[in-house]
2 protein chains.
Amino acid sequence: MSQALRDAGVRVTRQREAILQVLTGSEDHPDAAELHRRAQALDPSVSLATVYRTLTVLEREGVIARHSFENGSARFEIAEPGHHDHIVDLDSGEIIEFHSEKIEELQRRIAAEMGYEIVHHRLELYCRKA
Amino acid sequence: MSQALRDAGVRVTRQREAILQVLTGSEDHPDAAELHRRAQALDPSVSLATVYRTLTVLEREGVIARHSFENGSARFEIAEPGHHDHIVDLDSGEIIEFHSEKIEELQRRIAAEMGYEIVHHRLELYCRKA
DNA sequence: TTGGCTGCAAAGGATTTGCACAAAT
DNA sequence: ATTTGTGCAAATCCTTTGCAGCCAA
């Protein structure tokens, strides 16, 4: 992955390696401040500004996905192949991923009916345990 | 509408009437700064802080809906009966409303499968003219 | 009358940026 | 040797808040 970035003309610094390592090792959806905390455990020199700058680069390179849920800061995750949407547990804050090809298809149809083509979309279900 | 607010124990001030009038007269999805501009045309005494405070109250009372699209500030509209989602034209910034009961149903089914009940949701299609 | 509003200005939180230095290629 | 990345602190942007006076009920 580091090599892929280098090939894309991105310099892979000590700090960026730390941030990448944190991201690949995270199962949840941390925000910039949390990533900063975790990255500093690996390399205390990592600054919050660099975390933000690196996240911007990684998003541009398609390595990570950024999600802005209601309330609070943006959250990040390694971009897996295949898009997914999110359920947000309003009580625990937990984030659950799901995917529905049926919904995606309906979205495309609706957009097409209005003369549009979807570039990207955002679907979030804010839920409570039934 | 003013009376309904009064009945709910909300004071309807000169400023709030101006803001309400702007909101009911707006076909688009203005943000707080734009509402401030428009409200000042009716009553120059309206401050931006009051716009924000009023929007919070009106949202709590169910009079308006707040939407936070990607990039930029929150946008507001009078809450019509019946929920709708949005298409955002990435080139013009235009916002188009749509509703799909099929999608809503699928969302409910998916949430239910995970043991959840949807409190509210957010679906936005970021599009370009085909 | 009086508790809820208001304007103003200052504070807040998240994110970005200018700068001089450091380090990857 | 270049050119890009870095830390730090200051700056931005949107939004909220403390305070002293104002006004809707």
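Throughout, a chain's letter reflects where its sequence line sits, starting with A, and its residues are numbered from 1. Below, each value reflects all heavy atoms present in this structure, side chains not excepted, and no hydrogens, waters or symmetry copies.
A salt bridge between Asp43(B) and Arg38(B) is absent, with no side-chain N of the basic residue lying under 4.0 Å from a carboxylate O of the acidic one. The pair Arg109(A)-Glu113(A) fails the salt-bridge criterion, with no side-chain N (NZ, NE, NH1 or NH2) lying under 4.0 Å from an Asp/Glu carboxylate O. Ion pair Arg37(A)/Glu34(A) flagged as a salt bridge, since at least one NZ, NE, NH1 or NH2 atom sits closer than 4.0 Å to an Asp/Glu carboxylate oxygen. Salt bridge present: Arg128(B) and Asp91(B) bring a charged side-chain N and a carboxylate O closer than 4.0 Å.
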side-chain contact (heavy atoms from CB on, under 4.5 Å) evaluation trace for Ile87(B) with Ile95(B) = CA-CA 6 Å; Ile87(B) 288 177; Ile95(B) 290 163; over 6 Å; no

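Residues His86(B) and Glu124(B) have side chains that never bring a donor and an acceptor to within less than 3.5 angstrom of each other.
Axis angle across the helix from dT1(C)-dA25(D) to dT25(C)-dA1(D), with five pairs used at each end and values rounded to 10°: 40°.
Listed for the Arg16(B) side chain is a donor-acceptor partner under 3.5 Å among the backbone atoms of Arg11(B).
Of all nucleotides in DNA chain C having an atom under 4.0 Å from a heavy atom of chain A, the first and last in 5' to 3' order are dA14(C) to dT25(C).
Nearest heavy-atom pair, Ile64(A) versus Glu59(A), reported as atom, atom and distance to 0.1 Å: CG1-N, 3.5 Å.
For DNA chain C, the neighbouring residues in residues 8-23 of chain B, judged by any heavy atom under 4.0 Å, are Arg11(B), Thr13(B), Gln15(B), Arg16(B).
When hydrophobic clusters are built by joining Ile, Leu, Val, Met, Phe, Trp and Tyr residues whose side-chain heavy atoms come closer than 4.5 Å, directly or via intermediates, Leu5(A) is grouped together with Ile78(A).
Residue His83(A) forms a ring pair (Phe, Tyr, Trp, His ring centres under 6.0 Å) with just one option from His121(A), His67(A), His120(A), and that option is His121(A).
Separating the NE2 atom of His36(A) from the C1' atom of dT6(D) is a distance of 12 Å, rounded to the nearest angstrom.
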Polar-atom pairs under 3.5 Å, protein N or O versus N or O of nucleotides 14-18 of chain D: list them with distances, or write none.
unit_1: dT15(D); atom_1: OP1; unit_2: Ala74(B); atom_2: N; d: 3.0
unit_1: dT15(D); atom_1: OP2; unit_2: Tyr52(B); atom_2: OH; d: 2.5
unit_1: dT15(D); atom_1: O5'; unit_2: Tyr52(B); atom_2: OH; d: 3.4
unit_1: dG18(D); atom_1: O6; unit_2: Arg53(B); atom_2: NH1; d: 3.2

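Residues satisfying the side-chain contact (heavy atoms from CB on, under 4.5 Å) criterion with Glu101(A), sequence neighbours excluded, are His99(A), Glu104(A), Arg108(A). Residues that satisfy the side-chain contact (heavy atoms from CB on, under 4.5 Å) test with Ala74(B), not counting sequence neighbours, are Arg66(B), Ser68(B), Phe76(B).
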